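In what follows, a structure is listed as structure tokens, so that the remarks can point back to it.
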2 protein chains.
Amino acid sequence: MAQPHELRERGLRLTPQRELVLAAVRELDHATPEEIAEKVRQTHPGINLSTVYRNLETLENVGLVQHNHLGHGGASYHASEEVAHLHLVCGTCGSVGDAPIEAALNFVNSLSEEYGFRTDVSHFAVYGTCAVCSQAELS
Amino acid sequence: MAQPHELRERGLRLTPQRELVLAAVRELDHATPEEIAEKVRQTHPGINLSTVYRNLETLENVGLVQHNHLGHGGASYHASEEVAHLHLVCGTCGSVGDAPIEAALNFVNSLSEEYGFRTDVSHFAVYGTCAVCSQAELS
DNA sequence: AGACCACTTGCAAATGATTCGCAGATCTAC
DNA sequence: GTAGATCTGCGAATCATTTGCAAGTGGTCT
């Protein structure tokens, strides 16, 4: 037999639902479980929300996807291949901006040196006010 | 009449529940609404959870308390007087460590200069692995 | 191809956290 | 003290996520 599938390689069964969830995560980027479910349903309406939740958990366990916390509420998911970056969440307008991990390099290093704390900067949002809203406040 | 009360000064009514919630927030630090309610109930059992939620919201509106996001789930509250600091949340053991805001100063400044983003570092947790758990992983 | 069994799915119900609606209680100003 | 707006308690509604269970399916072995 030819190439082993990436899911099978990790000891997972190859089900259509699972592949669809993974594809949706890769395509959407920063998507909530709800959004992922909706995306999947565009092509395969029968898929249950709990299946999406369960597969996200499963895929996270084998390291294909990861979640992080952006807004005030729940988690959002992205594929592991994606280049990690910072998420700059604006508390005023809710926008999510990106910044390269390198911007936090010194910060991460100093936490490591001074507190022995290994920071995963991309897991939680960096919260604040974006340029646009900062500007607007001045008026 | 003597001194105006801090709550009254801000246009709020002075109710026992409200004072108790504020006192509990000040005393507990980093407390969830649930914990605050429990604290308040130790002395005044009749107080309703929704009253706690409503008062936290109200107190936040007038700037006496603030919330932030530490664990994966809900919010935790602290009094505004409290000195702001970073929260180092360990994803492995769940501990929450503190670090002074100054540790993030360069980081905050560079985000400000490069992206115009005004960061509120204390609002969201800094996520990673604490020294103890990092050590444990090596074994 | 056929059978077996563990892994998955769908569905509905449970859960946990937070919010809402409303009637009655209570603050404050007068 | 009275009036009216603001709170509170309570129960129900909501939202996101999880769980139990019976039925379905994928992978393996023959």
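Please read all numbers here as calculations on a predicted model, not as lab measurements. To find a chain, count down the sequence lines: A is the first, B the second, and so on, and within it residues start at 1. The figures here come from the full heavy-atom set of this structure, side chains too, leaving out hydrogens, waters and symmetry mates.
Annotation for A:A104 and A:V121: closest pair CB-CG1, 3.8 Å, computed over non-hydrogen atoms.
Looking at residues 34-53 of chain A, you'll see A:L49, A:S50, A:Y53 sit with a heavy atom under 4.0 Å from some atom of DNA chain D. Near DNA chain C, meaning a heavy atom under 4.0 Å away, the residues from residues 55-65 of chain A are A:N55.
Looking at B:N68 and B:S122, their side chains never bring a donor and an acceptor atom within 3.5 Å of each other.
In this structure, the side chains of A:L59 and A:V25 stay at 4.5 Å or more apart for every pair of heavy atoms. Between A:L49 and A:R41, the closest side-chain pair of non-hydrogen atoms falls below 4.5 Å.
One distance of note links CZ of A:R26 with OH of A:Y77; it measures 15.5 Å at 0.5 Å rounding.
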**Asked** Does the pair B:F107 and A:L105 meet the rule for a side chain to side chain contact (heavy atoms under 4.5 Å, CB included), with working shown?
**Response** CA-CA 8 Å; B:F107 176 50; A:L105 202 57; over 6 Å; no

**Request:** Decide side chain to side chain contact (heavy atoms under 4.5 Å, CB included) for B:L111 and B:R118; before the verdict, give the C-alpha distance in whole Å, the side-chain angles of both, and the deciding distance to 0.1 Å.
**Result:** CA-CA 7 Å; B:L111 287 182; B:R118 297 210 327 268; over 6 Å; no

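Protein chain B contacts DNA chain D over a range whose 5' and 3' limits, counting nucleotides with an atom under 4.0 angstrom from a non-hydrogen atom, are D:dG4 to D:dG11.
Rounded to an integer number of Å, the gap from CZ of B:R18 to C1' of C:dA25 is 14 Å. Note: CZ (A:R54) to P (C:dG10) measures 8 Å, nearest angstrom. Separating the CG atom of B:L14 from the P atom of C:dA29 is a distance of 11 Å, rounded to the nearest angstrom.
Partners of B:Y115 by ring-ring contact (aromatic ring centres under 6.0 Å, His included), not counting sequence neighbours: none found.
Nearest nucleotide to the B:R8 side chain, out of C:dA29, C:dT8, C:dT18: C:dA29.
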Is there any protein nitrogen or oxygen under 3.5 Å from a nitrogen or oxygen in nucleotides 2-6 of chain C, and what are the pairs?
{"residue": "C:dA6", "atom": "N3", "partner": "A:R13", "partner atom": "NH2", "Å": "2.7"}

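Within a 6.0 Å radius of CD in A:E82, other residues, nucleotides and ligands contribute more than 12 heavy atoms.
Position along DNA chain C of the nearest nucleotide to B:L12 versus A:P16 favours A:P16 as the more 5'-ward residue.
Within the structure, the ring pair (Phe, Tyr, Trp, His ring centres under 6.0 Å) test picks out the following pairs touching residues 23-50 of chain B (sequence neighbours left out): B:H30-B:H85, B:H30-B:H87.
Put simply, the side chain of B:H123 gets close to the backbone of B:H67: a donor and an acceptor are under 3.5 Å apart. Between the A:S80 side chain and the A:G63 main chain, a donor and an acceptor come within less than 3.5 Å of each other.
Between A:R13 and A:E19, no side-chain nitrogen of the basic residue sits less than 4.0 Å from a carboxylate oxygen of the acidic one, so the salt-bridge criterion is not met.
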